[in-house]
Participant: 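One structure, as structure tokens, below. Some questions next.
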Amino acid sequence: QAEITCLELSHSGNILAGGYSNGKLCIWDLNNRKLKLTLSAHRSAVTSLAFARDDCTLASGGKDTEIALWDLVREACQHRLKGHKDIIHDIVWVERLRMIVSASQDSHVRVWDVETYHCLQTIVDSTQPICALGLNPDESLLFVGSAEKHLRMYRLLEQPEHFVDSVAVLEGELSRSTTERPQTIAVGWNGSYIACQVAGKSVDVWQKLTEDQIKHKERKRRKKEKER
């Protein structure tokens with residue numbers, strides 16, 4: 001009996017996708033509580049799953065280093081994205097730009113055009129396996145987590161800026177409390193909070209300050225300096 005290696009709930013909450021250690025992918029209809037579809041998705045374990053916003057397309061990543069795009073209406077594979085050299089750890093959809101972003105054990109992040117199936121950019125800023133990805137609500141910022149002491153933050157550009165060929169441009173870094181491997185990156189509905197859960201017991205949480213909050217902190221800092 002193959003083990004379940006990953007689960008993903010659709011945006012509507014009506015469909016559940018499950019990946020298995022033998023490469024199978026199962027789709028359940030939660031309204032009818034029935035198995036709807038079984039697919040031979042990968043040559044080895046399915047390691048990541050991500051639904052498109054319309055829930056009609058599902059991306060699956062595997063230990064075989066490939067990403068498969070599934071048309072759940074036609075019950076067929078649209079395309080297989082190849083380029084990574086190791087396990088796919090995470091996938092996120094960037095609907096605004098018709099892209100997906102993938103994270104791999106090979107320490108690379110790849111940005112793919114889901115209409116042409118071309119790799120638009122390979123991000124090689126880390127020497128560690130890339131374990132988790134996160135997006136802010138308006139899909140303008142990508143958060144990338146590895147076993148390093150920070151999360152990297154990239155600005156996603158609709159049109160590459162002058163002298164810049166990249167779709168994703170490094171914007172900054174968020175310091176972490178540990179170098180343990182990230183499991184999940186979550187961003188609050190309004191983008192004010194970013195959380196990173198690791199394989200151990202800790203969760204790092206960052207708050208995005210407003211301009212007024214920044215000014216207030218600066219005033220407090222100056223007041224403390226004067227009191228010294």
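We count residues from 1, following the sequence as given.
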Participant: Keeping D113 on the side-chain end and M99 on the backbone end, is there a donor-acceptor pair under 3.5 Å?
Facilitator: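 No; judged by distance alone, with no hydrogens or angles, the pair does not exist.
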Participant: Could you tell me if the side chain of T57 sits less than 4.5 Å from the side chain of W93, heavy atoms only?
Facilitator: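 Result yes, sub-4.5 Å side-chain heavy-atom pair found.
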Participant: With a 4.5 Å heavy-atom cut-off, do H108 and V124 have their side chains touching?
Facilitator: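 SC-SC contact between H108 and V124 confirmed.
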Participant: Under 3.5 Å, side chain of R152 to main-chain N/O of D125, donor-acceptor pair present?
Facilitator: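 Indeed, once roles are kept as given, a pair shorter than 3.5 Å links the two residues.
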Participant: Report yes if some heavy atom in the side chain of Y117 is under 4.5 Å from a heavy atom in the side chain of L69; otherwise report no.
Facilitator: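 They are in side-chain contact.
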Participant: Between L133 and V101, what is the shortest heavy-atom contact and its length?
Facilitator: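 Looking at all heavy atoms of both residues, the closest pair is CD1-O, 3.5 Å.
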Participant: Using atom types as modelled and distance alone, determine if a side-chain donor or acceptor of S104 lies under 3.5 Å from a backbone N or O of D86.
Facilitator: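 Looks like yes, one N/O pair under 3.5 Å.
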Participant: Is it the case that the side chain of T47 and the backbone of G61 share a donor-acceptor pair, with hydrogens and angles ignored and the cut-off at 3.5 Å?
Facilitator: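 Looks like yes, one N/O pair under 3.5 Å.
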Participant: Any side-chain heavy atom of L25 within less than 4.5 Å of one from W70?
Facilitator: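 L25 vs W70: side chains touch.
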Participant: Hydrophobic cluster membership, with links at side-chain heavy-atom distances under 4.5 Å among I/L/V/M/F/W/Y: are V46 and I87 in one?
Facilitator: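 V46 and I87: separate clusters.
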Participant: Got L49 and L7 here, is their nearest side-chain heavy-atom distance under 4.5 Å?
Facilitator: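 The answer is no, as the side chains (C-beta and beyond) never meet within the 4.5 Å cut-off.
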Participant: With heavy-atom distances below 4.5 Å as the criterion, would you say the side chains of F143 and L135 are in contact?
Facilitator: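 The answer is no; the side chains never approach within 4.5 Å.
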Participant: Do V187 and P137 come within less than 4.5 Å of each other through their side chains, counting heavy atoms only?
Facilitator: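 Contact flag for V187/P137 side chains = yes.
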Participant: Dump the intermediate steps for side chain to side chain contact (heavy atoms under 4.5 Å, CB included) on E158 and L97, then the final yes or no.
Facilitator: CA-CA 6 Å; E158 188 164 353; L97 302 177; 3.7 Å; yes
Participant: Could you tell me whether the side chain of H42 reaches within less than 4.5 Å of the side chain of R80, counting heavy atoms only?
Facilitator: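 Touching, per the 4.5 Å side-chain cut-off.
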Participant: Between CD1 of I27 and CG of L39, what distance do you get to the nearest 0.5 Å?
Facilitator: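 The CD1 atom of I27 sits 6.5 Å away from the CG atom of L39.
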Participant: In sequence, state the C-alpha distance, the side-chain angles, and the governing distance for L142 and V92, and then conclude on side chain to side chain contact (heavy atoms under 4.5 Å, CB included).
Facilitator: CA-CA 9 Å; L142 171 72; V92 294; 4.2 Å; yes
Participant: Judged by atom type as modelled, is there a donor-acceptor pair below 3.5 Å linking the side chain of D29 to the main-chain atoms of K34?
Facilitator: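 Looks like no, no N/O pair under 3.5 Å.
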Participant: Run the salt-bridge test on E66 and R43 with the 4.0 Å N-O cut-off and return the result as yes or no.
Facilitator: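 Salt bridge present between E66 and R43.
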Participant: Can you give me every donor-acceptor pair (side chain of residues 72-79, partner residue at least two apart or in another chain, under 3.5 Å) with its distance?
Facilitator:
none

Participant: Do the side chain of R155 and the main chain of L170 share a donor and acceptor less than 3.5 angstrom apart?
Facilitator: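 Flag not set: sc R155 to bb L170 has no pair under 3.5 Å.
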Participant: Judged by atom type as modelled, is there a donor-acceptor pair below 3.5 Å linking the side chain of S107 to the main-chain atoms of T127?
Facilitator: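 Between the backbone of T127 and the side chain of S107 there is no qualifying donor-acceptor contact (under 3.5 Å).
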Participant: Would you say the side-chain atoms of E3 pair up with the backbone N or O of Y20, donor to acceptor, closer than 3.5 Å?
Facilitator: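 Looks like no, no N/O pair under 3.5 Å.
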Participant: Is it true that R53 and E139 have a side-chain N and a carboxylate O under 4.0 angstrom from each other?
Facilitator: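 Answer for the salt bridge query: yes.
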Participant: Using 0.5 Å steps for rounding, measure from the CG atom of N136 to the CH2 atom of W189.
Facilitator: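 If we round to the nearest 0.5 Å, N136:CG and W189:CH2 are 13.5 Å apart.
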Participant: For the pair K36 and W28, evaluate side chain to side chain contact (heavy atoms under 4.5 Å, CB included) and give the outcome as yes or no after the intermediate values.
Facilitator: CA-CA 5 Å; K36 180 180 178 183; W28 289 274; over 6 Å; no
Participant: Just verifying a value: how many Å separate C26 SG and L37 CG, rounded to the nearest 0.5 Å?
Facilitator: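 Separation between the atoms: 8.0 Å.
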Participant: Spell out, as yes or no, whether a donor-acceptor pair under 3.5 Å connects the side chain of H84 to the backbone of D106.
Facilitator: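 Judged by distance alone, no pair lies under 3.5 Å.
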Participant: Pair I100, V94 - check side chain to side chain contact (heavy atoms under 4.5 Å, CB included), show working.
Facilitator: CA-CA 6 Å; I100 63 170; V94 186; over 6 Å; no
Participant: Donor-acceptor pair, distance only, cut-off 3.5 Å: does the side chain of R176 make one with the backbone of L151?
Facilitator: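 Side chain of R176 to backbone of L151: no pair is present.
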Participant: Would you compute the distance between atom OG1 of T178 and atom CD of E148 and round it to the nearest 0.5 angstrom?
Facilitator: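 Going from OG1 on T178 over to CD on E148, the span is 12.5 Å.
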